[in-house]
Amino acid sequence: MKTLKYFATGLFFSTLLGMTPPAETSLLTPPPPLFRCGGTQGNLVKCTIERKMGKKKTPVTHFFTTKSTGANSFELRIEAVLSGASSLVYNGRITTIDKRSTENKYVVQIFLSKKKDYSWDTSTGDALVATYDLKKKDITFETTGKMGTFYDNSHGMAAAALKSATTPPNFDVDNVVKAISAYFIMDYHKAIQAATTNQFPK
């Protein structure tokens, strides 16, 4: 479909590649990208995404950063604007498995995390696992442990459109990690809600 094609292409040309997307004459107003990255939080690039929540589908702004913490390891921090203030709602771990030389694939794992007093408890047995196929330029998703119980597609975005919007046309580690993080916020938001006592729209 032309609409879906434009959404995915426009997202990664304008947001991730810094280029102008090709014109699509069948649409008068192009849809906004799923998430935007720019500005900084410390030395990190800060990304912004809105997710519709609750019965009234109230848009809630989320900010996230993916900080490299070592070889094949990242820290995922997510903040949400609730009651006019930005609050930390998720602090978790991401690991990657580079299979490009053997299978032409790259795996990103986002682990379940929960706030415990003043620290965050990570469960490596519960994860969202995304595999980027460099040859097919496609991402497949699966879950391990309890992560599957946190699936929530009530944001109102079609599954096909969401997947297209989180599939970079060309491989780049940073872009893929950010795209999977955006997907996590959209389709596994119940994991974020369960991580803290912050109140989201119901």
> side chain to side chain contact (heavy atoms under 4.5 Å, CB included) between Tyr183 and Leu34: does it pass, once the steps are laid out?
Replying inline: CA-CA 9 Å; Tyr183 178 89; Leu34 179 62; over 6 Å; no

Please name the pair of heavy atoms, one in [X] and one in [Y], separated by the smallest distance, quoted to 0.1 Å.
X	Y	result
Tyr188	Gly148	CE2-CA, 4.4 Å
Thr65	Val45	CG2-O, 3.6 Å
Ala194	Lys114	O-CE, 3.5 Å
Pro169	Lys137	O-CD, 2.8 Å
Lys136	Asp133	N-OD1, 3.0 Å

Quick one: does [X]'s side chain have a donor or acceptor within less than 3.5 Å of a partner on [Y]'s backbone?
X	Y	value
Ser86	Glu79	no
Thr166	Leu162	yes
Lys52	Val60	no
Thr144	Ala127	yes
Arg51	Ile185	yes
Asp117	Ser119	no
Tyr90	Ser113	yes

[X] side, atom [atom1]; [Y] side, atom [atom2] - distance, nearest 0.5 Å:
X	Y	atom1	atom2	value
Asp138	Ser164	CG	OG	9.0 Å
Thr96	Asn72	OG1	CG	4.0 Å
Lys178	Thr66	NZ	OG1	3.0 Å
Glu142	Leu128	CD	CG	9.0 Å
His155	Glu50	NE2	CD	14.0 Å

I'd like to know if [Y] and [X] are part of one continuous hydrophobic network [Ile/Leu/Val/Met/Phe/Trp/Tyr, side-chain heavy atoms within less than 4.5 Å].
X	Y	value
Val129	Val173	no
Trp120	Met147	no
Val177	Leu134	yes
Val107	Phe74	no
Ile97	Ile94	no

Show me the donor-acceptor pairs within less than 3.5 Å that the side chains of residues 195-202 make with the rest of the protein, sequence neighbours left out.
from	atom 1	to	atom 2	distance (Å)
Thr196	OG1	Asn198	N	3.2
Thr196	OG1	Asn198	ND2	2.6
Gln199	NE2	Thr197	O	3.2

Are the side chains of [Y] and [X] in contact, using a 4.5 Å heavy-atom criterion?
X	Y	answer
Arg93	Thr95	yes
Ser123	Phe111	no
Ile192	Ile78	yes

> Is the number of heavy atoms from other residues, nucleotides or ligands under 6.0 Å of Lys57 NZ greater than 12?
Replying inline: yes

> Just wondering, are more than 12 heavy atoms of other shown residues or ligands nearer than 6.0 Å to NZ in Lys163?
Replying inline: yes

> What orientation do Tyr132 and Phe171 show, parallel under 30°, tilted 30 to 60°, or perpendicular over 60°?
Replying inline: tilted

> Pick from Thr143, Thr149, Ile110, Leu112: which one makes a side-chain contact (heavy atoms from CB on, under 4.5 Å) with Asp126?
Replying inline: Leu112

> Taking only residues two or more places apart in sequence, or in another chain, which ones meet Lys190 in a side-chain contact (heavy atoms from CB on, under 4.5 Å)?
Replying inline: Phe150, Asp152, Gln193

> Between Phe184 and Phe64, does the ring centroid distance fall short of 6.0 Å?
Replying inline: no

